[in-house]
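Notes to accompany the following structure.
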Amino acid sequence: MVNLASWLHARAVSVEAVYFEDPDPLVGELRLQGVPVRRLRLVPFVWRLYPWRLIRHLAGRDDVVLHGHMYAWHKGTAVARWREAACVYTQHGYDEGSMRKERSEMKRSAKATEAAVGVSHEVHRLDRKSVV
């Protein structure tokens, strides 16, 4: 994500990284690359139905593409549905227990996702039908 955001930013494409929970090391790396970073606090559980803070944050912007990692994917697709925007998803690992618990939410999110990227061998070996 840092590489993509930095690459786009260097080519004068408007990029902003938004995070919802405690910052991780990527925040510092993004700022070093000159990529604007912002934290938005979302109300737990409410954001799944109506993530109004993120929708309002993106108001008036054209050509929005949301990119979600792991659980931020669900937030991104919720906004994508409201904004009729594209959403891209990155899955880092595979935990069968989590996948089973998240199955209905994953199905809903998959419908609003334009592309998905798996960054581990476990994810690449998944059969799409076994997940969603």
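Note that these values count all heavy atoms, side chains included, but never hydrogens, waters or copies made by symmetry.
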Glu16 side chain reached by Arg61 side chain, heavy atoms, under 4.5 Å: yes
Of all the heavy-atom pairs spanning [X] and [Y], show the shortest one and how long it is.
X: Leu30; Y: Ala17; result: CD1-CB, 3.5 Å
X: Ala86; Y: Glu114; result: CB-CG, 3.6 Å
X: Cys87; Y: Ala80; result: CB-CB, 4.0 Å
X: Ala115; Y: Thr113; result: O-CG2, 3.2 Å

Side chain Arg53, main chain Arg41, donor-acceptor under 3.5 Å: yes
Test log, rule side-chain contact (heavy atoms from CB on, under 4.5 Å), inputs Val88 and Leu66: CA-CA 6 Å; Val88 178; Leu66 297 141; over 6 Å; no
Atom CZ of Arg11 with >12 non-hydrogen neighbours under 6.0 angstrom: yes
ILVMFWY network linking Val15 to Val27, side-chain heavy atoms under 4.5 angstrom: yes
Common cluster, Val2/Leu8, ILVMFWY with side-chain heavy-atom separation under 4.5 Å: yes
Value rounded to 0.5 Å, distance of NZ in Lys111 from OG1 in Thr77: 11.5 Å
Worked verdict on Leu40 versus His57 for side-chain contact (heavy atoms from CB on, under 4.5 Å): CA-CA 9 Å; Leu40 288 180; His57 179 69; 3.9 Å; yes
